[in-house]
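First the structure, in the form of structure tokens, and then the observations on it.
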Amino acid sequence: MCGIVGLVGKFSVNQALYDALTVLQHRGQDSAGIVTCDGDKLHQRKDNGLVRDVFQQRHMLRLPGNMGIGHVRYPTAGSASSTESQPFYVNSPYGIALAHNGNLINADELKRDVFRADLRHVNTDSDSEILLNVFAHELLKLGKLTLDEETIFKAVANVHKRCTGGYAAVAMIVGYGVVAFRDPFGIRPIAFGVRKTSEGSECMVASESVALDVLGFELIRDLAPGEAIFIDKSGEIHARQCAKKPAYSPCIFEYVYLARPDSIIDDVSVYKARLRMGERLADKILRQWPDHDIDVVIPIPDTSRTACLPLAYQLGVKYREGFIKNRYIGRTFIMPGQTERSISVRRKLNAIGLEFEGKNVLLVDDSIVRGTTSKQIIQMAREAGAKKVYFASAAPPVRYQNVYGIDMPVVGELIAHNRTEEGVAEAIGADRLIYQSLPDLIDAVEKGNPRIRQFDTSCFSGEYVTGGVSESYLERIAERRNDAAKAQGESMINGIPA
């Protein structure tokens, strides 16, 4: 999960890119970067850390230009080194910078091809750099001294033929404009919008529509699966379907957890989808447990609040805020190691004792991934005086690896893998556990846009829409991405032998 943005404006774009990245900060807190283009010169700033820490006033002054792209990252593979911060850059052809959200499942094969056949060097372990070099090579192969939109769209079509996985990318070509494209299944989100100024129209692309909203851009639409758009330096938009057999299959976990509730993704309001998740979950509780003894329903802030409200209303039970969140602690799900996640839970949340004391409490969360947070929160509720602690998840059990850019890589670290619902309840210390069913989750999201006939539900179902995901591939990424590997990478970055 990363956040990307691209902008072709009539004035300096550095501040707008910065603002957009702060809005997308929830998608990645490991590193941030911006590249701008001023005439035929590129200017770059990227480093580890939050947007507000990476960009100081002196850095912003060194990012002139009316065109630029930006990125916020958390690592699903490779290290957390600043060398893997994006955007990446290659000088041939034309000079191209690229930022990417997602994951290529044939990255190892592509890296070999890029070196042996394309004669290009990849300097990092990031598949984003591989994607950049594939795109650059496809442009170079077409051999045009002067670039036009037809050449760009042909190059993107060839990228789709070579690359397998979930990806949304934004690239800036020096002197020409900004290109954005989405994988043929539309797994990772990307949308574009326009803003009128005294000098003419500006165009922006971003991972989520909320970034467009905040900056005053009118959302035009999401890119279709396999589609590319080219925004030339004058601000004119060119669009083309570049995949032969696109198949709408957006990632359903975007609606569960990843996206902000005020975003609209593929014409589905994330907020309304989460309201429906709460309603479906309440229906299940009433079917399976009509004589429940729940006294109060409490959300685990922040993502679950939207689903929790209609759930409490439908159950006829009081809704209360029982946890206060320290907003200066990052999202524990996307922290790079189990130890860091565990430490952060109690730093992040504090219980209000009077809402728990002597009560049977239903805690509601958006999902349960590793179970670390859930277990500690349940213990906090008991320490605050709860008589019984029940737990509800607005998502089904997460039992499988995600290979399209979400950090759910190792099945051994997923608490629901090879466990029954009762087994998970016991492991996290809940008196009872209720999961959303997968059909109910799909229905809750699909109702917002019936044109979407399927979703990527791989982390719940183990079914991978792109194909090409073998057991050996899953084993390889498990070796690279488990918490032990990440801890070793962190140790080496900090100069400590692992």
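- For the ring-ring contact (aromatic ring centres under 6.0 Å, His included) condition, no pair includes a residue of residues 138-159, sequence neighbours left out.
- Sorted by first and then second residue, the salt bridge (Lys or Arg N to Asp or Glu O under 4.0 Å) pairs involving residues 213-231 (not counting sequence neighbours) are R221-E227.
- For E202 and K196, the salt-bridge test fails: no basic side-chain N is under 4.0 Å from an acidic carboxylate O.
- Residues in residues 87-104 take part in no salt bridge (Lys or Arg N to Asp or Glu O under 4.0 Å) pair, two or more places apart or across chains.
- The salt bridge (Lys or Arg N to Asp or Glu O under 4.0 Å) contacts involving residues 184-194 comprise R188-E254, where partners must be two or more places apart or lie in separate chains.
- Not counting sequence neighbours, S269 has no partner by the side chain to side chain donor-acceptor pair (under 3.5 Å) test.
- Qualifying side chain to side chain donor-acceptor pair (under 3.5 Å) partners for D302, counting only residues two or more places apart in sequence or in other chains: R305, K325, R327.
- The aromatic rings of F253 and F460 lie tilted to each other, with the angle between the two planes from 30° to 60°.
- In this structure, the side chains of T466 and I187 come closer than 4.5 Å at one or more pairs of heavy atoms.
- Within a 6.0 Å sphere centred on CD of Q56, heavy atoms belonging to other residues, nucleotides or ligands number more than 12.
- Residues in residues 453-465 take part in these side-chain hydrogen bond (donor to acceptor under 3.5 Å, both in side chains) pairs, two or more places apart or across chains: S249-Q454, D456-S458, T457-S461.
- Evaluation of the ring-ring contact (aromatic ring centres under 6.0 Å, His included) test over residues 209-236, restricted to residues two or more places apart or in two chains, returns F230-H238.
- Within the structure, ring-ring contact (aromatic ring centres under 6.0 Å, His included) pairs that include any residue of residues 160-204 comprise Y94-Y176, F135-F181, H160-Y167 (at least two apart or interchain).
- Panel note: side chain S304, backbone I300; a donor-acceptor pair is recorded below 3.5 Å.
- Taking 4.5 Å as the limit, every side-chain heavy atom of L7 sits out of range of all side-chain heavy atoms of V178.
- In this structure the side chain of Q436 never reaches within 4.5 angstrom of the side chain of S393, judged on heavy atoms.
- Annotation: side chain of I34 is not in contact with side chain of R45 (no heavy-atom distance under 4.5 Å).
- Annotation: F11, atom CZ; neighbour count of heavy atoms from other residues, nucleotides and ligands within 6.0 Å is above 12.
- Scanning for side chain to side chain donor-acceptor pair (under 3.5 Å) contacts around S12 gives N14, with sequence neighbours left out.
- Partners of Y248 under the side chain to side chain donor-acceptor pair (under 3.5 Å) rule, at least two apart in sequence or in another chain, are D266.
- Residues satisfying the salt bridge (charged side-chain N to carboxylate O under 4.0 Å, His left out) test with R451, not counting sequence neighbours, are D267.
- Counting non-hydrogen atoms of other residues, nucleotides and ligands closer than 6.0 Å to NZ of K141 gives a total above 12.
- No donor-acceptor distance shorter than 3.5 angstrom exists from the side chain of D127 to the backbone of I130, with no hydrogens or angles considered.
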